[in-house]
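See structure below.
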Protein chains: 2
Amino acid sequence: MGVSSRCAVAVHALTLLARDGGGQLLTSAEIAESLDSNPVVVRRVLGRLRDASLVLSSEGSGGGWRLAHSPQAVTLRDAYCAVEEGPVLSLHAHPPSTSCVVGRNVQGVLEEEFTAAEWAMRERLGRTTIADVLSRVLAGDRQSTPQGP
Amino acid sequence: MGVSSRCAVAVHALTLLARDGGGQLLTSAEIAESLDSNPVVVRRVLGRLRDASLVLSSEGSGGGWRLAHSPQAVTLRDAYCAVEEGPVLSLHAHPPSTSCVVGRNVQGVLEEEFTAAEWAMRERLGRTTIADVLSRVLAGDRQSTPQGP
DNA sequence: ACTAACTGTAACTATGGTTGTTCCAGTTGG
DNA sequence: CCAACTGGAACAACCATAGTTACAGTTAGT
């Protein structure tokens with residue numbers, strides 16, 4: 001199946017909020033415009049980031065979303081864990097037969113191995129911060145459209 | 001979303017075939033019985049393993065499936081790559097807006113990071129062989145139901 | 001040659017999660 | 001009081017998976 005695109009949306013939104021030194025206050029409509037998506041979809045994802053204390057939301061007129069921490073302090077792992085629940089690698093849809101040695105014990109082994117594999121994936125995601133992403137995003141623009149003095 | 005359970009089915013089937021030193025010849029019906037599932041589902045997964053040269057199939061009466069290599073030579077990574085195509089971590093459902101710096105460049109950065117994270121996951125899966133799984137499966141049975149002399 | 005036992009594959013259903021959308025209640029600032 | 005937000009429910013469209021049935025093709029044994 002593959003994991004949902006929520007993580008990509010989350011990193012995208014966090015990167016937007018990280019501009020200007022992290023002091024940006026943006027509405028879900030503004031973020032949705034950059035994503036070419038829907039404000040409700042954005043609020044769904046940002047709601048999870050808020051539950052994980054990665055962003056803060058303020059209601060009412062003039063409200064919106066802003067980072068809860070500095071862009072250097074938030075990693076892709078934080079974003080991933082905030083929006084994606086449950087294991088990536090699935091065990092059997094059905095529990096296997098208990099009248100077979102393999103059926104009785106394979107799920108325990110698989111759970112250990114899959115957990116270790118996912119830990120490795122998250123560990124790698126934890127090495128990159130939103131600040132890293134932002135600087136590379138900006139560098140990409142400088143490469144393709146060099147600016148004069 | 002999470003990844004399909006095909007990898008769990010594949011490892012289960014490979015472990016069954018690895019018994020008896022790897023010389024087992026099993027039918028899809030026998031494997032399906034251990035999985036408490038359907039022979040067609042099993043053949044779908046084992047078909048991918050065969051395309052990846054992990055198992056061999058023989059048609060006709062007396063036919064079935066057997067390992068193409070020794071259980072020590074096949075890792076969970078091999079099984080995973082054989083049955084699971086495409087990236088685990090998805091980029092945006094839509095391409096983002098090109099009129100925004102982040103929208104223009106974030107997908108490239110995400111692709112690099114996600115690829116690295118998935119590589120880390122597969123690397124970890126590559127450290128465990130089917131022989132490892134089999135021995136742990138058998139050990140699990142010895143623990144819970146100790147046998148006399 | 002016939003039959004039984006397999007694989008290989010197409011077609012179909014049911015299910016569940018995600019995405020996108022509309023709608024409305026609640027909150028806030030001017 | 002109004003305009004601009006968030007919060008959240010409800011719903012449709014879509015897609016992959018898991019499971020099932022059905023059938024064609026292949027092989028071994030008699």
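Letters go in sequence order (proteins before strands), and every chain restarts at 1. The figures that follow rest on heavy atoms only: side chains count, while hydrogens, waters and symmetry mates do not.
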Note to self: If you assign S37(A) and E30(B) each to the DNA chain C nucleotide with the nearest heavy atom, which residue ends up on the more 5' nucleotide?
What the structure shows: E30(B)

Checklist line | Ion pair E123(A)/R124(B), N-O distance below 4.0 Å | finding: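 Salt bridge: no.
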
Please tell me if [X] has a side-chain N or O lying less than 4.0 Å from either OP1 or OP2 of [N].
X: H94(B); N: dG20(C); result: yes
X: T27(A); N: dA4(D); result: no
X: S28(B); N: dC6(C); result: no
X: R50(A); N: dG7(D); result: yes
X: R6(A); N: dT18(C); result: yes
X: S58(B); N: dC6(C); result: no

Check: R66(B): what forms a salt bridge (Lys or Arg N to Asp or Glu O under 4.0 Å) with it, not counting sequence neighbours?
Finding: none

Notebook entry, point to check: Would you call E113(B) and R136(A) a side-chain contact if the rule is heavy atoms closer than 4.5 Å?
Noted result: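 Of all side-chain heavy-atom pairs linking R136(A) with E113(B), at least one is under 4.5 Å.
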
Margin query: What contact category does G47(A) fall into here, base, sugar-phosphate, or nothing, at under 4.0 angstrom with non-hydrogen atoms?
Written below: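 Answer is nothing: G47(A) stays at 4.0 Å or more from every strand.
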
Next item on the list: Verify the neighbour count for atom CD of E111(B): are there more than 12 heavy atoms of other residues, nucleotides or ligands below 6.0 Å?
Entry: no

In whole Å, I'd like the distance from the [atom1] atom of [X] to the [atom2] atom of [N].
X: N38(B); N: dT17(D); atom1: CG; atom2: P; answer: 17 Å
X: L35(B); N: dT20(D); atom1: CG; atom2: P; answer: 13 Å
X: R48(B); N: dT7(C); atom1: CZ; atom2: P; answer: 18 Å
X: L46(B); N: dA18(D); atom1: CG; atom2: P; answer: 14 Å
X: L25(A); N: dG29(C); atom1: CG; atom2: P; answer: 12 Å
X: L26(B); N: dT7(C); atom1: CG; atom2: P; answer: 10 Å
X: D51(A); N: dG8(D); atom1: CG; atom2: C1'; answer: 13 Å
X: E85(A); N: dG16(C); atom1: CD; atom2: C1'; answer: 13 Å

Notebook entry, point to check: Should L138(A) and V102(B) be counted in the same cluster of Ile, Leu, Val, Met, Phe, Trp and Tyr side chains packed under 4.5 Å apart?
Noted result: yes

Check: Mind checking whether L56(A) and V83(A) sit in one hydrophobic cluster, side chains of I, L, V, M, F, W, Y counted as touching below 4.5 Å?
Finding: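 Shared cluster, no.
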
Note to self: Checking contacts here: which listed nucleotide (dT21(D), dA18(D), dC5(D)) is nearest the side-chain heavy atoms of V40(B)?
What the structure shows: dT21(D)

Item checked: Among dG8(C), dA10(D), dT17(D), the nucleotide that comes nearest once only the side chain of R44(A) is considered -> dA10(D)

Check: Quick check: does any side chain N or O of T27(A) sit under 3.5 Å from a backbone N or O of G64(A), one acting as donor and the other as acceptor?
Finding: no

N/O donor to acceptor pairs below 3.5 angstrom from side-chain atoms of residues 33-42 of chain B, sequence neighbours left out:
{"from": "S34(B)", "atom 1": "OG", "to": "H12(B)", "atom 2": "NE2", "distance (Å)": "2.7"}
{"from": "N38(B)", "atom 1": "OD1", "to": "V40(B)", "atom 2": "N", "distance (Å)": "2.9"}

Notebook entry, point to check: What string of B, S and - do you get for nucleotides 23-30 of chain D, 5' to 3', when a contact is any protein heavy atom under 4.0 Å?
Noted result: ---BBS--

